[in-house]
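Worksheet for the structure shown next.
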Amino acid sequence: MAAKPFASSTDLSAKQQTLEVLADGVYALTAEGDPNIGAVEGEDFVVCFEALATPVAAQKWLGRLREHTDKPVRYLVLSHYHAVRVLGASAFDAEVIVAHENTRALVAERGKEDWASEFARMPRLAEGADSVPGLTWPTLTFSDRMTIDLGGDRGDLVLQYCGRGHTEGDIVAWLPRHRILFAGDLVEAEAALYTGDAFHRDWSTTTLDRVAAIGADTLIGGRGGVSRGAAAVGSAIDQTRYFLQVMIREVGGVQERGGSLKEAFERTHAALVDQYGHWPIFEHCLPFDVSRLWDELSGVERPIIWTAERDREVWEQLQS
């Protein structure tokens with residue numbers, strides 16, 4: 001059987017973007033399984049959450065946002081370091097770029113490699129790739145929790161680290177006044193998980209427990225639609241957790257029997273495809289997911305850096 005087209009290299013059709021006003025001054029842009037992005041108005045400024053892959057792509061989002069507010073962007077909050085989330089940052093002209101301290105360290109350690117890897121995996125997201133001026137560096141970091149006073153009667157925006165998950169540095173943004181949570185890629189709503197840089201055991205247990213304990217009534221995950229109501233929020237968290245649990249069960253079982261990485265991929269694919277296979281980026285993500293989990297269960301504590309060359313090697317090994 002011939003190998004499947006690499007990652008999302010043939011996914012070139014435009015996605016329908018939907019801008020939703022979730023509450024007064026709270027915005028989310030979703031796009032049929034493409035990365036989500038959001039914004040929160042303060043009294044005289046805006047906090048933006050995520051930056052998309054390029055300044056060209058980010059300018060289009062900002063054009064939509066400017067139909068609702070002309071306040072300047074004071075804070076740009078980055079949930080984690082992945083290129084398709086951060087390399088559009090220069091378009092925002094933000095006074096402050098905020099991320100977890102681990103995210104800054106990861107940019108230094110593997111930002112260049114991740115840039116090349118993600119743009120090759122998802123070329124459609126890299127619109128105007130030559131507009132990226134360089135790596136995006138946070139100018140303000142924190143370790144556990146940070147609160148932004150939105151001013152007036154708008155309340156606070158709480159940035160929180162819930163533990164290792166999708167990466168070592170994922171943070172969420174919580175609006176207690178509206179009970180709205182921007183969860184980044186710690187939660188996906190009807191979209192497959194990318195776990196190539198993950199800590200599966202932490203993510204599937206304590207990290208998601210902390211996300212759930214926040215008690216959101218509305219949740220914007222990293223991909224997929226907005227989850228409205230406690231039941232929908234719970235469902236999004238549960239489907240994320242179950243994906244991870246199935247992976248751990250299947251990959252761990254193959255390792256215990258002395259099987260191969262290829263066998264682990266095939267068994268994991270078979271166990272997940274009926275529930276998740278029709279969701280965005282499932283086939284794209286799973287080889288990288290299983291490869292990282294295989295390493296993790298073998299005692300490789302931190303994810304091996306993905307390069308464009310390593311991506312192709314793993315893909316050809318598992319998706320052929």
Side-chain angles (χ1 to χ4, degrees), residues 35-40 45-55 57-58 73-119 121 125-126 129 131-149 156-174 181-187 194-199 202-203 206-207 210-211 222 288 292 296 300-308:
N36 294 335
I37 192 166
V40 178
F45 62 90
V46 172
V47 182
C48 285
F49 188 74
E50 312 286 38
L52 297 178
T54 68
V73 178
R74 181 175 297 172
Y75 298 94
L76 173 60
V77 177
L78 304 176
S79 69
H80 62 288
Y81 76 96
H82 284 152
V84 296
R85 301 288 182 180
V86 306
L87 292 182
S90 62
F92 292 80
D93 197 24
E95 293 181 28
V96 182
I97 300 176
V98 186
H100 191 266
E101 61 188 14
N102 289 348
T103 291
R104 195 182 201 289
L106 287 162
V107 172
E109 179 187 49
R110 57 186 69 199
K112 289 182 179 178
E113 292 85 353
D114 182 71
W115 180 354
S117 168
E118 293 217 329
F119 277 30
R121 291 184 191 179
L125 299 184
S131 66
V132 178
L135 292 173
T136 296
W137 294 97
T139 59
L140 176 64
T141 63
F142 66 97
S143 61
D144 181 48
R145 184 182 176 98
M146 173 182 163
T147 299
I148 297 173
D149 180 356
D156 293 332
L157 178 66
V158 180
L159 308 181
Q160 184 172 329
Y161 180 64
C162 295
R164 300 187 305 183
H166 175 71
T167 72
E168 288 176 270
D170 300 270
I171 60 174
V172 301
W174 167 236
L181 182 68
F182 291 90
D185 278 325
L186 286 176
V187 180
Y194 175 67
T195 73
D197 297 299
F199 296 78
D202 288 3
W203 187 1
T206 55
T207 299
R210 291 176 185 134
V211 173
F288 310 118
R292 164 53 189 158
E296 183 181 354
V300 180
E301 176 65 13
R302 299 186 65 245
I304 298 170
I305 295 174
W306 291 102
T307 65

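Numbers for residues simply follow the sequence, beginning at 1. Only a predicted model underlies this, so the values are computations on that prediction, with no experimental measurement involved. Heavy-atom basis, side chains included; hydrogens, waters and symmetry copies ignored.
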request  = Run the numbers on H82 and Y194 for ring pair (Phe, Tyr, Trp, His ring centres under 6.0 Å), then give the verdict.
outcome  = CA-CA 11 Å; H82 284 152; Y194 175 67; 5.8 Å; yes

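- The shortest side-chain heavy-atom distance between W174 and D156 does not fall under the 4.5 Å cut-off.
- A cation-pi contact links R121 to W306, judged by a cut-off of 6.0 Å to the six-membered ring centre and 45° from its axis.
- Smallest separation of non-hydrogen atoms from G163 and T207: C-OG1, 3.4 Å.
- Note on ring orientation: taking the six-membered ring where Trp is involved, the planes of Y75 and F45 are perpendicular (angle over 60°, cut-offs 30° and 60°).
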task = In sequence, state the C-alpha distance, the side-chain angles, and the governing distance for D144 and Q160, and then conclude on side-chain contact (heavy atoms from CB on, under 4.5 Å).
result = CA-CA 6 Å; D144 181 48; Q160 184 172 329; 5.6 Å; no

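- The side-chain tip of R292 points at the ring of F199 from less than 6.0 angstrom away and within 45° of straight on.
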message = Set out, in order, the CA-CA distance, both residues' side-chain angles and the distance that settles salt bridge (charged side-chain N to carboxylate O under 4.0 Å, His left out) for D170 and R164, then state yes or no.
response = CA-CA 7 Å; D170 300 270; R164 300 187 305 183; over 6 Å; no

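- Nearest heavy-atom pair, A91 versus P55, reported as atom, atom and distance to 0.1 Å: CB-O, 3.7 Å.
- Taking OG1 from T136 and CZ from R104, the interatomic distance works out to 11.5 Å, rounded to the nearest 0.5 Å.
- A salt bridge is defined here as a Lys NZ or Arg NE, NH1 or NH2 lying under 4.0 Å from an Asp or Glu carboxylate O, and R302 with E109 meets this definition.
- Looking at D114, its side chain does come within 3.5 Å of a backbone N or O of A83 through a donor-acceptor pair.
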request  = Would you please test V211 and V187 for side-chain contact (heavy atoms from CB on, under 4.5 Å) and show each step?
outcome  = CA-CA 9 Å; V211 173; V187 180; 4.1 Å; yes

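- Side-chain atoms of T195 and H166, non-hydrogen and from C-beta on, never get closer than 4.5 Å to each other.
- In this structure, OG1 in T103 is found 12.5 Å from CD1 in I97, a value given to the nearest 0.5 Å.
- The main-chain N or O of A308 is never found under 3.5 Å from a side-chain atom of S117 such that the two would form a donor-acceptor pair.
- Side-chain contact between P35 and E50: absent, with no pair of heavy atoms (C-beta onward) separated by less than 4.5 Å.
- The closest side-chain heavy-atom distance from R110 to D197 is below 4.5 Å.
- Scanning both residues, R85 and L78, for their nearest heavy atoms gives O-CD2, 4.0 Å.
- At a threshold of 4.5 Å between non-hydrogen side-chain atoms, the residues Y81 and N102 do not count as touching.
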request  = Could you give me the CA-CA distance, side-chain angles and deciding distance for T141 and H100, then say whether side-chain contact (heavy atoms from CB on, under 4.5 Å) is met?
outcome  = CA-CA 5 Å; T141 63; H100 191 266; over 6 Å; no

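- To the nearest 0.5 Å, atoms CG (L135) and CH2 (W115) are separated by 6.0 Å.
- The heavy-atom pair separating G184 from F49 by the smallest distance is N-CE2, 4.0 Å.
- The two residues W137 and A108 have their closest heavy-atom pair at CH2-CA, 3.6 Å.
- Annotation: side chain of S90 is not in contact with side chain of S131 (no heavy-atom distance under 4.5 Å).
- In this structure, the side chains of M146 and V98 come closer than 4.5 Å at one or more pairs of heavy atoms.
- Although no hydrogens or angles enter the test, the distance criterion places a donor-acceptor pair under 3.5 Å between the side chain of E118 and the main chain of V84.
- The cationic atom of R210 (NZ for Lys, CZ for Arg) does not lie both less than 6.0 Å from the six-membered ring centre of Y161 and within 45° of the ring axis.
- Atom CD1 in I171 sits 11.5 Å away from atom CD in E101 (nearest 0.5 Å).
- Looking at heavy atoms from C-beta onward, V96 lies out of side-chain contact with L76 at the 4.5 angstrom threshold.
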request  = Apply the test side-chain contact (heavy atoms from CB on, under 4.5 Å) to residues L159 and I148: give CA-CA distance (whole Å), side-chain angles for both, the deciding distance (0.1 Å), then the verdict.
outcome  = CA-CA 8 Å; L159 308 181; I148 297 173; 4.2 Å; yes

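- Considering every non-hydrogen atom in both D185 and G222, the closest pair reads OD1-CA, 3.3 Å.
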